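Everything on this sheet refers to the single structure shown next.
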Amino acid sequence: MEKTFQPADIESRWYQEWESKGYFAPQGGEEAYCIMIPPPNVTGSLHMGHGFQEAIMDALIRYHRMAGFNTLWQVGTDHAGIATQMVVERQLEAQGTSRKALGRDKFIDKVWEWKEESGGTITQQLRRLGSSMDWTRERFTMDPGLSDAVQEVFIRLFREGLIYRGQRLVNWDPSMHTAISDLEVVSEEEQGHLWHFRYPLTNGEGHLTVATTRPETMLGDTAVAIHPEDERYAHLIGQTIDLPLTDRKIPIIADDYVDREFGTGCVKITPAHDFNDYEMGRRHDLPVINILNDDAAINDSAPEAYRGLDRFDARKQIVADLDALGLLDKIDDHTLKVPRGDRSGVVIEPYLTLQWYVDAKTLAQPAIEAVEQGNINFVPKQWENTYFAWMRDIQDWCISRQLWWGHRIPAWYDDTGKVYVGASEAAVREEHGLDDKLPLHQDEDVLDTWFSSALWTFSTLGWPEETPELATFHPSSVLVTGFDIIFFWVARMIMMTLHFRKEVPFHTVYVHGLVRDIEGQKMSKSKGNVLDPIDLIDGIELEPLIEKRTGGMMQPQMAKRIEKSTRKQFPDGIDAYGTDALRFTYYSLASTGRDIKFDIGRIEGFRNFCNKIWNAARYVLMNCEGEDCDQQDMGELELSLADRWIIGRLQETETAVAQAVEQYRFDLASQALYEFIWNEYCDWYLELSKPVLWDENASSEAKRGTRRTLIRVLETWLRLLHPFMPFITEEIWQTVGPLAGKSGATIMLQPYPKADPATVDTAANADIEWLKDVIVGVRNIRGEMNIPPGKELTVLLKNGDDTDKSRLELMAPFLRKLAKLGDITWLSAGEDAPVAATALVGNLEILVPMAGLIDQDAELARLAKEIEKLEQDLKRIQGKLSNASFVDRAPAEVVSKERDKLQAQEQALTKLREQEQRIREM
RNA sequence: AGGACUAUAGCUCAGUUGGUUAGAGCACCUGCAUGACAUGCAGGGGGUCCACGGUUCGAGUCCGUGUAGUCCUACCA
């Protein structure tokens, strides 16, 4: 074995082996366990959020697979309508052509080409993380089977009246020329202006001043509204104004939606271009004048002067024209929320169009009940509130998109516009008895990507066929996801699955936090603070990292700033830490209910942990390979106290890990493993094994017992650790497993360790704790007095009882080796002791004679420190016990505990003071 | 405007139904090539648990108010 752990070569080797041997496929077992991957964008690439999420799912999957469940991790990718179409459109643009120039069919061919070309990136990256998903079952949302499911759902919902077509205001993306849902609009505060315009009254008696953030929409105004109780304007209700720049007269209406305090208290009403105005228009039966075309340029409903102008150019022009007419009152600075498309980033327009909708209110009801009744549980629980809040006020879901990449809507129209919904044109003709000569054309639109995602848990298992997989693995066990897609995806899956399967899609929703950078900022390409999980695994030099972060930057100043901060944060680039270290870092940070600030320092610590594991295995193998480790229970055997102790501690660790995983506390699981492996197995047990293995006088039974324990405990915790660190554990297990008497080709299909409380030896635990206390006591003196660790010490033990004495006899070799002691002398009562530095373990005094070794003042200082600690503690305990109400009201158990403590501390204090006195008198 | 979450060591974070002296990793200080590991070993320093008030024999933990920060939903023409 190499002296240090080298992750790179073993990782690719093992993943390939696992996959090619089919280990990821369900292996049978009584109970099924299933996780559906949140399908990543097929043309996307891995980011830290994926890394975190996949690590959690893989731990759950490997854990349950080893625990004997029939385990399926269903993998697949999403066609990601808008995102993917945008990428391909940009490529075409770069090639000097366009989607429209190509035409629908050729364009879709191009997207498929791009999918084939780049679709392997994300799936290869998932493999790098060690994720043990069943690749033979990989699905894509536009696979024939899944497309059938989409069509089936659409048709059935339509027939049930739960899908309908309607003309209303939608969020329109003028760059993509498509409607998008409310969820795809992100509103951020931006600096803007509030323009005040004077609208002249038709009767010539002055004007009303209206305030607007969107001057260009005035061309579509069809009223001015005031509050019905606003005395300033009450007399004007029912009159009209002459809308400037047009030849229209529009009414002054009263509506209590108007806020009297805001602006002038007069609002221009543009029903075609504002959601609130649209509602008001309906209440007052106002005309709806749409002044925009699909590009959000001014259309022919507007006066000629503005036709064809982009909305923002039109804005400037209109402001200038009104100013020229003396109708511009003033311009105030104003911050407002600007709605932008989450993909395109352009300003979204409320736009009147005909779209398809899902009746979400009806579907939401059972979905709300499922969570209320506990058929689905959110972890952490508070996310249920978020879910309820949204579901109880849910709006109908606009599902049609004016895109080409996606599932085309299975609806056909005749020349009169009558709609026929069915699986195909032929099916529609047949069903409705339509003549072959009657021309039909299919709806041009596709469905929202999330429509197919909503079916993911059952469409991937073969629905609408009643497949065996569906019967076995649905409902799935747990959904692991981020809070950002609770509405987009989780809620819609619950609705659709309950409707079509009459069962929940999953029993638990584990909601993890967002991975942020060290400053708590969201990682984003534009901020240049993105960490690529692959770079943490493989490492990356500084220059390529800078290139990666600044490449394709629009603004050069931005690039400069990013370069600077990158150079500062990673002066030497990023080391190669390996997948296991990265995964363990994720687990250690995965406490529930909070986001994750990713600290590069922690991954380094876990890389070191990998190295520790590696070297522990080297030590064990050096001492056990080719030796009799008694795995067949053949020979006489003697287990040392240390052997019995570590076996017990292993059981406790197994319990802790199992409990943590059941509660999705991967941070606690990783911590329990880390502590056990490093602080107990390596720091103490391996050291305690040396006095046995290296002692020529030790019996062969004892040596066999220790070797057997070394190898067995190691083999067990390798299995215990495997779901979290799959690669290093597999690599080591290949050698260790057989030595421990295990057969099998891979650790990943071995049984997961289960605690056996019967093997916890409490007496051995107490003995080893005593031993540790004594050793630490001596080491403390050594450390504080700067006595070199190599220098052998003489100690005297004083005031011990029979237990101390028998423990000493039993464990003297351990004590000698680990504390580096020479003579150990047991002082009888009343026997004189030399002046010495002292450590206390209970009543037992451990004396290290000072002569020639220890500086008087240094020991006095050390004692003073100990004494002060004790005194402070004592004061607190005395205070407590002299408080009558504490003694009366606290449980007797607590009180007696305090009394015991008081006594022990008092004794210790007395002893240390005596010591202090003796040293002073030296 | 409504709601959620967070505040503990220099940094990143644990801390269970309230009950020993509030913990870990990293960083820091001291010593050490000790035959698995210097990606290591041993020892050590470091905390007004955001503030105030309340409940309680007892509060990092429960309740209230406030401050700071993060986020979500709705929305201001």
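The shown structure was predicted, so the numbers you read here are calculated from the model rather than taken from an experiment. The sequence lines fix the lettering, A, B, ..., with proteins before strands; numbering per chain opens at 1.
Within the structure, every side-chain polar atom (N or O) of A:Lys880 is placed at least 4.0 Å from both OP1 and OP2 of B:G19. Side-chain N/O atoms of A:Asn615 include none lying less than 4.0 angstrom from OP1 or OP2 on B:G40. Under 4.0 angstrom from either OP1 or OP2 of B:A36 there lies at least one side-chain N or O belonging to A:Lys690. The shortest distance between the side-chain N/O atoms of A:His273 and the OP1/OP2 oxygens of B:A77 is not below 4.0 Å. Listed pair A:Arg665 / B:G15 meets the phosphate criterion, a side-chain N or O lying under 4.0 Å from OP1 or OP2. Within the 4.0 Å cut-off from OP1 or OP2 of B:A38, at least one side-chain nitrogen or oxygen of A:Lys3 is found. For A:Lys597, a side-chain nitrogen or oxygen approaches OP1 or OP2 of B:U12 to under 4.0 Å. In terms of phosphate contacts, A:Tyr619 brings no side-chain nitrogen or oxygen within less than 4.0 Å of OP1 or OP2 of B:G35. Distances shown here put a side-chain N or O of A:Trp678 below 4.0 Å from the OP1 or OP2 atom of B:C41. Listed pair A:Asn608 / B:G25 fails the phosphate criterion, with no side-chain N or O lying under 4.0 Å from OP1 or OP2.
As a whole-Å value, the separation of A:Arg516 CZ from B:U12 P is 14 Å. Regarding A:Arg779, its CZ atom lies at a distance of 11 Å from the P atom of B:G44, rounded to whole Å. Look at CG on A:Leu688: it is 15 Å from C1' on B:A36, rounded to the nearest Å. Rounded to an integer number of Å, the gap from CG of A:Asp393 to C1' of B:C72 is 14 Å. Atom CD of A:Gln6 and atom P of B:A36 are 20 Å apart (whole Å). Here B:G19 presents its P atom at 10 Å from NZ of A:Lys897, a figure rounded to the nearest Å. Computed from coordinates, the A:Phe52 CZ to B:U12 C1' distance equals 14 Å when rounded to whole Å. Atom CZ in A:Phe378 sits about 17 Å away from atom P in B:A4, given to the nearest Å.
Nucleotide B:U6 is matched to B:A68 when pairs are restricted to Watson-Crick or G-U wobble geometry with both distances under 3.5 angstrom. Using N1 to N3 plus N6-O4 or O6-N4 for Watson-Crick, or N1-O2 and O6-N3 for G-U wobble, each under 3.5 Å, B:C76 pairs with nothing.
Residue contacts for A:Phe487: at a heavy-atom cut-off of 4.0 Å it reaches the sugar-phosphate backbone alone, with no base atom in range. Within 4.0 Å of A:Leu686, counting heavy atoms only, lies at least one base atom of the nucleic acid. Heavy atoms of A:Arg876 sit under 4.0 angstrom from primed sugar atoms or phosphate atoms, though from no base atom. When heavy atoms are screened at a 4.0 angstrom cut-off, A:Trp195 is found touching no nucleic acid atom at all. If you check every strand for non-hydrogen atoms under 4.0 Å, A:His334 touches sugar and phosphate atoms only. Contact annotation for A:Thr386: no contact, since no heavy-atom pair falls under 4.0 Å across all strands. Contacts of A:Ala389 with the nucleic acid, taken as non-hydrogen atoms under 4.0 Å apart, are absent. Counting non-hydrogen atoms under 4.0 angstrom, A:Phe609 reaches nothing in the nucleic acid. When heavy atoms are screened at a 4.0 angstrom cut-off, A:Asp484 is found touching no nucleic acid atom at all.
Between the side chain of A:Glu687 and the base of B:A36, at least one donor-acceptor pair of N or O atoms lies under 3.5 Å.
Of the P atoms belonging to B:G10 and B:U65, the separation is 30 Å, rounded to the nearest Å.
Closest-nucleotide positions on RNA chain B for A:Cys266 and A:Asn385 were compared, and the one nearer the 5' end corresponds to A:Asn385. Of the two residues near RNA chain B, A:Asp873 and A:Val267, the one whose nearest nucleotide lies more 5' is A:Asp873.
A cation-pi arrangement, defined by a distance under 6.0 Å to the six-membered ring centre and an angle within 45 degrees of its axis, is absent between A:Arg583 and A:Tyr586. Figure legend: A:Arg707 and A:Trp694 shown without cation-pi pairing, the cationic atom not lying both under 6.0 angstrom from the six-membered ring centre and within 45 degrees of its axis.
In this pair, A:Trp614 does not lay its aromatic ring on the base of B:A36; centres under 5.5 Å and planes under 30 degrees do not both hold.
Judged purely by distance below 3.5 Å, without hydrogens or angles, the side chains of A:Asp255 and A:His284 pair a donor atom with an acceptor atom. In this model, no donor atom of one side chain and acceptor atom of the other lie less than 3.5 Å apart for A:Thr4 and A:Asn611.
A parallel orientation is assigned to the rings of A:Phe197 and A:Tyr199, their planes being inclined by less than 30° (bins at 30° and 60°). Ring pair A:Tyr681/A:Tyr685 is tilted by interplanar angle, where 30° to 60° counts as tilted.
Residues A:Phe5 and A:Trp614 place their aromatic rings such that the two centres sit under 6.0 Å apart.
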Check the pair A:Lys880 / A:Glu898 against salt bridge (Lys or Arg N to Asp or Glu O under 4.0 Å), numbers first and verdict last.
CA-CA 8 Å; A:Lys880 254 187 178 177; A:Glu898 291 294 318; 3.6 Å; yes

